[in-house]
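Following: one structure in C-alpha cells, then a few remarks.
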Amino acid sequence: MTRSDPRGAWMSGALVVALMAAIVSLQHTQGRLEAATPDTAENLLYVRSPAAMSRMALSYDAVLADLYWIRAVQHYGGTRLSTDPNKQYDLLYPLLDLTTSLDPRFNVAYYFGSTFLAEAPPDGPGRPDLAIVLLEKGLRVQPDKWEFAQWIGFVHYWWRHDYAQAAEWFQRAGDLPGAPFWLAQLAATTLAEGGNRQSSRLLWQEVARTGVNEAFRNEAVRRLQQLDAMDQIDQLFQIVGAFQQRYGAVPRSWDDLGRAGYLRSLPVDPTGVPYRLEAGSVALGEGSRLSPLPREPQRLIQ
Amino acid sequence: MADMRIIAHVAINVFKESVRDKVLYNLVAFAVILMGAAYLIGQLTAGQDVKIIKDLGLAAIGTFGLLIAVFIGIGLVWKEVERRSIYSLLSKPLGRREFILGKYAGLALTLLVNVVVMTAALYLVLGYMDAQFTEEQKSVWAAPALDAGMLRAVALIVVELLLVTAIALFFSTFSSPFLSAALTFGLWVIGHFNADLRNFENIVESPVAAGLARALYYLLPNFAAFDIKSQVVYALPIAPGYLAVTVAYGLAYIALLLTGSVLVFTRRDFK
Amino acid sequence: MDAIRTEDLTKHYRVGFWRPRPYIALDRLSLTVRTGEVFGFLGPNGAGKTTTLKLLMQLMYPSSGRAEILGRPVGDVEVRRRIGYLPENPYFYDYLTAEELLEYFAGLFGYPAAERRRRAASLLDTVGIGAERRLQLRKFSKGMIQRVGIAQALINDPDVVFFDEPMSGLDPLGRREIRQLILQLRDRGCTVFFSSHVLADAEALCSRVAIVAAGRLVASGQLSELLAFQVRGWELVMSGVTPDALSQARADREIVNAVPIDGQRFAMELPASAAPERVLATLTASGAQLVSLTPIRETLEDFFMRQVTGAQRSSNG
C-alpha cells in the first residue's frame, strides 16, 4: 500500500469503522456482564481502611476523594433506582468514610452523605446513626462549622424523633461563631413542642432560605410542601367525616363530595397531583413527588 | 495480504534485541520479590499468606509487563526512524505494514515469554507454600493455593499488556518517546477508571455531560475490564462469557490500533 | 530498458513549526540512467541528492512527478528484490554482529538459512571486514560501519545499486577499495547510481554524471563533455631547471608563472593553449627532471559556487 493508493485507503477506512463498531458493541456486552458479576465491593473500594488509603494515595488524595465521592453518589443513585426488593446500600458508608478521610474538608460529602444515610428505606439505608457519625467526624476537623452541628440536630429531629438531642445540637450550633440568631429560637421551640408541624415548618423554612446549595433548598421546599399536604389531608379527612355523619356512609369519590356541596373542585396536593380517596381515608395520589409523607410521632402518641 | 514469514522474521529480531538489551533480567527481580515476600510473610503468618502471595504475584506480573510494554513499545518504531536504521531496512522487500506488524509481534513475543516464566515462578512459590500447611489450616483459604482458575486472570493480563503495547506502538509512529510514554500511561490510568463513566448519566443532569461520558466510556480503552485479580484470588464466580467477551474486546481494540499505526506509518515521509 | 528514470520528480514540504513555509527540496528532476552504467549524482551538501535517493527508495513520497526503477514504479515491492541501497551515514542495530545483521537482511529476501550464511560471509570478505564478523556493531568504527553498509546493499546480488556518499568516513585506502568494488560491479553488469560531493570520485568511475544544486538539475552528460570541467591549464613541477631554460620558456609564452620551491625546483603554470608535451621536452633537453604534471580544472566546488550563486540570482531576479 502506498500513500497514493485510493483503494487501500477506502479499505483501511472501512476496516477502522468496522473495528470501532465491534469495540463499541463488545464494550456494551462487557459492561452488562460486569454488572452481572457479583463482587463489586472489592472493585469499588479497593481498600476499606481509610487510613491505609490515605497513605497509599501519595499526593493524589484529593483526586481520589473526588473519585470515591462520585462512586458514593453512583452507588446511592444506582441502588435507589434499582427495583430489587432486597437492595442494600451497604457500600454507602464505607465510600463516604473513604471520601472524607482522603479529603477531610469535602463539605458536600458530609451534607449530602448524611442526608443519603439518614433517608428511610427504600429511598435510603435508614441509618441516621451513621449520618451522625459522619457529621461528627466533619465537626472534629472543622469544630467551628455550625452547619454540621445544625445538621446533626436536624437528623435527630427528623429521622430519630429525639427532640431533646435535637434541641441540644441546635443550641450547640447556635453557640458557634457566625451561627445565625434563629438557631437559638429553633432550639427553644424544638425543646418545647418538638415534632409538631409548626416547629418542623420553621426548621425547613430556614433551610429553604439559607441551605448550602440549590439541591438542599429544593429539598426543603419539598418538605414544606409535604407539611402543607399533611394539613390539607387533615382538612379533607374532616370533610369526609362530616359527609359520613350526614349521609351515614363514606363518600366513594370526590364527585360525591362535590355534588353534596363540600368541595368546589378536585382536591390536589401542592405539586398538582389529585389526592386519593379510598374507603374513607385520604392519601397522596399515585406518583406524587411528595410521597412517602413523613411519619408523625404526635399522631402515634395521640 | 501481509507476508507472515517476513513478519515473523522481523519479530524474532525484536525478541533478540530485547534479550541482548537484558530486558529479561526483570524476571530475576520478579523472582527475588516473590521469594522475599514468601519468606517474610511466612514469618508473620496470619492464615492469609497464600492470598497475599497471589495478590502480589499477579500485581507484579502486570506491573513488570506494563513497564516493558510501555518503555520498549514507545521505542520500537521511533528508535529505528531516529537512528535511521529504517532506511536500509525499508529498501529491502519489506512493506511498511509488515514492518509495523513484525515489530508488534516481536514485543508481544517478549511479553508472552515474560508472563509465562513469571506465572510458572508464581505457581512454584505457591506450590512450596501449599506444602507448608496442614489440610485443616488450608480449610480457611478462599481458594486452593494451586488454583488453575488464576490462569484466567493471567490470560486477561496478557491481553491487557498486548493492548498497552498496541497503544504505545500507535503513538510512537508519530510522536516522541516522552510524549508517547505520557499518553500511553495516561490512557492506562484513565482506562482503569472507565467503569466510573458508565453510570455517570445517573448523577449528572446535563444531557451533554451524560452523552460525553457515555462516548468516552465507549471510546477509551476499558482497562478495568481486564482486572479480575480479586475475583480469582477469592474464587468468586465470573459471569459466563465474560472472559470471551473481554478478550474479544481487547483483540478488536488491538486490531484498531494496529490498523491506525499502519495507516499513519505508511503515509510518513522520513526526512 | 533504462535502469532508472525520473520525470519531473518534485518534493516540497513545509518547514518550521510556528510559521511553516514551503521548502523546495527537489524541483522537477528528470533524468535517465542506462542499464550497466556507473552514474554519478553530484552536488554540494543540501542540493537534493539525498532527497532524490529517498524518493527512489520510497522513504519519501513525491509531491509530484514520477520515478521508475527497472521499468517499474518505485513503490513496487518486486523492484526491491533487485536493488541495493546504502543510506548516507548509515546506522545499524548495534546489538547485532556484522554477520547477524547481514543474515537478518538476507532473510528479508526469503533466502534459506544456509544461503544467508554464505552470502553474509562472502560479502564481509569482499568489503574487507571478514575478520570482525563476530563483533557487535557497537564496537565498529565509522569506516567499518560504512563497509557493512555497502555489504548489506549487495546482499541480494542487485541489478541496480544506490550509494549515497559511499566514500564518506573512509580513509584513502578504503576509498580506493570501494572504487575498485564499484568497477567490479559495473563489470558484472550492475548499474551503479551514486551521489557524491567529491569530483575526483566521479572522474575515476563515472561514464555519466548529473549535477544538482539547490534542488535543480544543473547539468548532465559525460563528465568530459561538460564544458565547465575542461582543462584550464597545467601545473608542471620540475627540478634542475636552469635560469636560461626558464627565461626561454617565459619568452616563448609557454609558461605564465613560475614559483621557486627550493634551489632549482620550480612550480610552473602553463596556459590551456600550451602543449605540455613540448614544454616538457624542451626543459628535459636542458637537463631538468620531471616531478609532476597536473591538469588544472575548475573544481566541482567552484562550479557549484557559481551555479548556486547563479540560481540565487535568478530566483531573486
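The chains referred to below are lettered A, B, ... by the order of the sequence lines, with proteins before strands, and numbering in each begins at 1. Predicted model, so just to flag it, every value in this text is computed and none were measured.
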Which distance, rounded to the nearest 0.5 Å, do you find between the CG of B:Leu89 and the CZ of C:Phe92? 10.0 Å
State, with a plain yes or no, whether a side-chain heavy atom of B:Tyr87 is found less than 4.5 Å away from one of C:Lys54. yes
Can you find a pair of side-chain heavy atoms, one from C:Phe105 and one from B:Leu94, that are under 4.5 Å apart? no
Contact part of C:Asn89 toward chain B, heavy-atom cut-off under 4.5 Å: side chain, backbone, both or neither? both
So what's closer than 4.5 Å to chain B heavy atoms on C:Glu88: side chain, backbone, both or neither? backbone
Heavy-atom distances under 4.5 Å only: say whether C:Leu56 touches chain B with side chain, backbone, both or neither. neither
Which answer fits C:Asp164, side chain, backbone, both or neither, if we ask what part of it has an atom under 4.5 Å from a heavy atom of chain B? neither
Of the backbone (N, CA, C, O) and the side chain (C-beta and beyond), which part of B:Arg5 lies under 4.5 Å from a heavy atom of chain C, both, or neither? side chain
Min side-chain heavy-atom separation B:His9-C:Tyr104 under 4.5 Å: yes
When rounded to the nearest 0.5 angstrom, what is the spacing between CG in B:Asn13 and CD in C:Glu103? 11.5 Å
Could you grab the distance from atom CD of B:Glu17 to atom OH of C:Tyr93, nearest 0.5 Å is fine? 8.0 Å
With only heavy atoms counted, which part of B:Arg20 is less than 4.5 Å from chain C, the side chain, the backbone, both or neither? side chain
I need the minimum non-hydrogen distance between C:Arg80 and B:Leu90, along with the two atoms involved. NH1-O, 2.8 Å
Whatever's closer than 4.5 Å to a heavy atom in chain C on B:Ile12 counts as neither
Shortest non-hydrogen contact from B:Lys92 to C:Gln152? NZ-OE1, 2.7 Å
Less than 4.5 Å to any heavy atom of chain B: does that hold for the side chain of C:Phe162, its backbone, both, or neither? neither
On a heavy-atom basis, which atom in B:Pro93 and which in C:Phe109 lie closest, and how many Å separate them? CD-CE2, 3.2 Å
Exercise: identify the closest heavy-atom pair between C:Met60 and B:Arg96: N-NH2, 4.4 Å
To the nearest 0.5 angstrom, please state how far the CG atom of C:Leu96 sits from the OG atom of B:Ser85. 10.0 Å
Heavy-atom distance under 4.5 Å to chain C: side chain of B:Lys79, backbone, both or neither? neither
Minimum heavy-atom separation for C:Met57 to B:Ser91, with atom names? SD-CB, 3.8 Å
So which atom in C:Leu108 and which in B:Ile6 form the shortest heavy-atom distance, rounded to 0.1 Å? O-CD1, 3.3 Å
